[in-house]
Amino acid sequence: MKLREKTLILLGITITCSIIVMYMASNVILMGGFQTLEEQNTLQNIQLATNTLSSEISDLNRTINDWAVWDDTYLFIQNHNSRYIQSNLLNSTFNDLKLNLIIYIDNSGNIIYSKEFDLQTEKEKPISEGIKGYISKDSILLNLQNKEGVNGVIMLPEGPMIIVSHPILTSNGNGPSKGTLIFGRYLNNAEIQHLSNEVQSSLMLINYNNSNMPADFQNARQLMTQNSPYFIKPINNSYIAGYALINDINGKPAFILRTEKSRGFYKEYQNTLSYFMLSLLIMGCILAMTTLIYLDRSILSRLSRFSRDIASIGRKGDLSARIPSEGEDELSSLASSINSMLSRIETSQDQLKKSELEFRSLVELANSSIILTDSNGKIVLWNRSAQRMFGYSEEEILGEHISILFPDVYHESYEEVMNNPYNFANSKNTGVIYESYGFRKDKTKFMLEISHISWKIKNEKFYCAIIRDITDHKRTENEIKESLKEKEALLMEIHHRVKNNMQIISSLLSLQSRYIKDKEAFGIFKESQNRVKSMAMIHERLYNSKGLAKIDFAEYIKNLVDDLFCSYGIHQNYIRIDADTDNISLNADTAIPCGLIINELITNSLKYAFPTENRRQKNRIYIKFYQNNENISLTVGDNGIGLPEGVNLEHSETLGLRLVRSLVDQLNGTIELHSNGGTEFNIVFTQIEQKILGK
């Protein structure tokens with residue numbers, strides 16, 4: 001679809017949507033205003049109807065006031081003379097006053113005179129039974145509290161009636177009242193028509209308690225209350241009705257009055273909205289045509305020319321061609337941008353050709369074989385190193401499957417590497433090196449090292465393999481491994497023999513000490529024997545360790561302490577040993593002096609800290625051995641009798657303490673002595689760097 005057609009459709013949709021939105025908005029705004037006016041007018045109309053009814057009641061009330069406040073009536077209620085009836089209560093009187101009912105009642109509640117008259121047939125009729133219920137002794141019509149009387153409407157079986165009552169007084173308005181005069185007028189069809197003519201609307205009365213009233217009256221009855229006696233509701237698109245609740249003389253709902261008028265405001269609203277929508281449609285069409293003509297001349301025709309020029313450049317492949325960019329508007333800027341883009345593409349193509357030449361040169365000059373395959377494993381690039389390594393020329397190998405370079409047993413594993421989803425350039429596994437075997441052209445097998453990288457170009461995968469011949473490297477590596485195994489075996493043998501020699505020395509010292517009678521000399525031999533044992537234990541642990549370079553010193557401390565307790569024949573029930581040690585591994589250069597230090601300090605505690613008479617359950621020797629960063633801390637202490645006064649660690653004359661001081665210096669450490677209710681040595685040192693043979 002062309003731009004002109006799309007623009008025309010878009011304008012049509014826009015104008016249609018705008019008209020719909022304007023119609024809905026106008027419908028909401030205008031309809032609300034017209035509806036408010038219509039409801040206000042209908043409310044005024046129903047209020048006018050109720051006011052007209054009130055005027056009718058007021059007129060009847062003024063009429064009864066003339067008759068009740070009259071000396072002739074005052075005398076009639078007393079003497080019941082017939083002349084009054086013959087002169088005043090004629091049928092013409094009912095016609096002239098439009099009365100259907102006249103009743104005279106004295107103060108005792110006795111009816112002096114009563115007459116009901118049918119104005120339509122102009123004939124007298126019996127008093128309605130419903131009237132009698134309103135003229136009982138307790139009726140509001142008779143219990144008048146003031147001289148104004150009572151007026152209103154009542155609901156009778158025959159229909160609603162306007163009724164007024166007034167006390168009978170003299171012409172001067174003086175009393176006392178001698179009785180009550182009651183006038184009544186039915187609100188029949190003639191009277192309703194009269195009221196309709198007065199208000200110029202159709203009126204209708206329905207008994208409030210009528211169960212068969214029309215649906216609209218029922219709805220109005222449910223919604224009207226004493227505080228809100230009016231209700232407005234459209235009947236249909238042509239008429240609107242107003243409803244009013246009319247109470248009887250007792251203040252109870254008597255009937256519902258309805259006015260009905262033509263919906264002039266609604267029709268006016270419909271006409272206004274139709275004219276408005278028609279005007280909007282005409283304006284929209286004019287705007288659409290104007291816009292389309294402008295767009296066609298200013299934009300669409302120029303875009304069409306741009307499209308033809310760009311298509312021509314694409315067909316010819318001439319990136320040096322340019323698009324005309326006259327003018328200073330956005331399309332001119334677009335043409336300039338396209339020309340600039342063409343210039344950059346032209347430059348990029350030149351750079352791409354240059355990069356391709358550089359890439360080809362690097363690939364050809366690389367010492368490793370570089371092989372590029374497509375997603376099917378077909379070789380698409382083959383450098384000179386690959387030709388030298390495998391013996392295939394570029395003409396022979398291009399298009400062949402890469403599996404030709406690998407033994408059959410490795411085909412499946414190589415395919416798995418190629419299809420590995422983690423083998424893309426953005427993966428952390430890119431460049432992982434695999435070892436395999438390859439086949440040369442002459443079918444000789446050799447070991448190779450291969451790494452892969454992959455990428456996508458237009459949804460097609462490409463794999464690049466970088467291969468090195470590691471046959472000589474593997475041969476050398478195997479020779480080194482064999483040499484290393486021989487050296488490890490030799491080192492194990494050295495540790496084993498050193499341990500055995502030290503055990504022989506320890507055994508010789510033990511045999512020699514049996515012939516020594518001097519206790520001091522015997523102790524010296526025993527201490528020397530323990531020192532040799534501590535060193536022999538280190539070589540034994542080095543011999544049994546996996547690395548042949550470090551030992552687990554925490555386990556060494558436990559075994560050394562157990563051996564010293566056994567050597568001096570001391571049971572741990574008499575002296576408890578507490579060891580709190582971290583899992584620290586020490587090399588031989590550090591472990592030997594550290595083991596000798598522990599041997600000397602534990603030996604010193606066992607010999608001197610707890611005399612035989614002081615040995616008890618609470619005697620305790622403790623060792624703490626832990627590491628903090630590069631520093632190693634060793635604490636050896638007891639809760640024995642402590643060192644004699646005047647003992648100076650720097651200038652001690654005892655061999656054990658002098659040896660400890662020398663060993664601490666050998667570890668480049670520091671030592672502190674605390675003797676307060678026992679003896680405690682705190683030593684801090686760092687592990688000695690392992691010396692390498694020949695350096």
Side-chain angles (χ1 to χ4, degrees), residues 491-510 513 523 525-607 609-610 619-627 632-638 640 656 659-660 663-664 666-667 669 679-681 683 685 687-688 690:
L491 185 59
M492 289 178 65
E493 182 65 21
I494 291 172
H495 282 305
H496 182 62
R497 294 196 178 190
V498 169
K499 184 261 299 182
N500 288 342
N501 290 337
M502 286 188 173
Q503 286 182 344
I504 291 171
I505 294 172
S506 177
S507 299
L508 291 173
L509 289 174
S510 178
S513 65
F525 265 78
K526 196 170 191 63
E527 290 176 2
S528 299
Q529 182 184 1
N530 289 336
R531 290 169 185 144
V532 172
K533 280 184 178 182
S534 69
M535 291 186 290
M537 287 175 64
I538 289 174
H539 285 282
E540 182 180 9
R541 291 200 166 275
L542 287 171
Y543 170 73
N544 292 325
S545 65
K546 293 181 180 181
L548 299 176
K550 292 186 177 183
I551 66 170
D552 181 0
F553 207 71
E555 185 67 21
Y556 169 79
I557 291 174
K558 180 179 181 304
N559 293 336
L560 176 62
V561 171
D562 290 343
D563 191 71
L564 288 174
F565 269 69
C566 181
S567 175
Y568 285 97
I570 297 173
H571 199 278
Q572 291 192 17
N573 288 336
Y574 297 100
I575 301 175
R576 189 175 82 251
I577 183 71
D578 293 333
D580 182 12
T581 60
D582 288 347
N583 293 325
I584 303 174
S585 296
L586 299 181
N587 57 42
D589 291 344
T590 306
I592 291 173
C594 189
L596 289 173
I597 290 172
I598 294 173
N599 177 80
E600 295 299 324
L601 295 179
I602 296 296
T603 299
N604 191 59
S605 293
L606 293 175
K607 288 174 61 178
F610 308 105
N619 291 336
R620 174 174 170 264
I621 297 174
Y622 56 90
I623 301 173
K624 297 179 182 178
F625 187 71
Y626 57 91
Q627 186 168 5
I632 299 174
S633 176
L634 172 64
T635 300
V636 180
D638 60 61
L659 180 59
V660 168
L663 291 170
V664 171
Q666 183 179 338
L667 291 172
T679 304
E680 182 178 274
F681 292 88
I683 302 168
F685 63 93
Q687 189 160 190
I688 298 174
Q690 187 74 43

As a quick check of understanding, evaluate side chain to side chain contact (heavy atoms under 4.5 Å, CB included) for Phe625 and Ile632, giving each step before the final call. CA-CA 7 Å; Phe625 187 71; Ile632 299 174; 3.6 Å; yes

Evaluate the side chain to side chain contact (heavy atoms under 4.5 Å, CB included) criterion for residues Ile602 and Ile623: first the C-alpha distance (whole Å), next the side-chain angles of each, then the deciding distance (0.1 Å), finally the verdict. CA-CA 9 Å; Ile602 296 296; Ile623 301 173; 3.8 Å; yes

Please walk me through it: do Asn604 and Thr679 pass side chain to side chain contact (heavy atoms under 4.5 Å, CB included)? CA-CA 10 Å; Asn604 191 59; Thr679 304; 5.7 Å; no

Step-by-step side chain to side chain contact (heavy atoms under 4.5 Å, CB included) determination, Leu667 to Ile597: CA-CA 11 Å; Leu667 291 172; Ile597 290 172; 3.9 Å; yes

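Note that CD1 of Ile557 is 6.5 Å distant from SG of Cys594, once rounded to the nearest 0.5 Å. One finds the CG atom of Asn619 at 9.5 Å from the CZ atom of Arg576 (value rounded to the nearest 0.5 Å). Separating the CG atom in Asn583 from the CZ atom in Phe553 is a distance of 13.5 Å, to the nearest 0.5 Å.
More than 12 heavy atoms of other residues, nucleotides or ligands lie within 6.0 Å of OH in Tyr622, so this atom counts as buried by the packing criterion.
The side-chain heavy atoms of Leu606 and Phe565, taken from C-beta on, include a pair separated by under 4.5 Å. Counting heavy atoms from C-beta outward, Phe685 and Pro593 have side chains that stay 4.5 Å or more apart.
In terms of modelled atom types and a separation under 3.5 Å, the side chain of Gln687 and the main chain of Thr590 share no donor-acceptor contact.
Considering only residues two or more places apart in sequence or on other chains, Gln666 meets the side-chain hydrogen bond (donor to acceptor under 3.5 Å, both in side chains) condition with none of them. Residues passing the side chain to side chain contact (heavy atoms under 4.5 Å, CB included) test with Ser605, sequence neighbours excluded: Ala609, Ile621, Asp638. Asp580 is linked by a salt bridge (charged side-chain N to carboxylate O under 4.0 Å, His left out) to nothing, counting only residues two or more places apart in sequence or in another chain.
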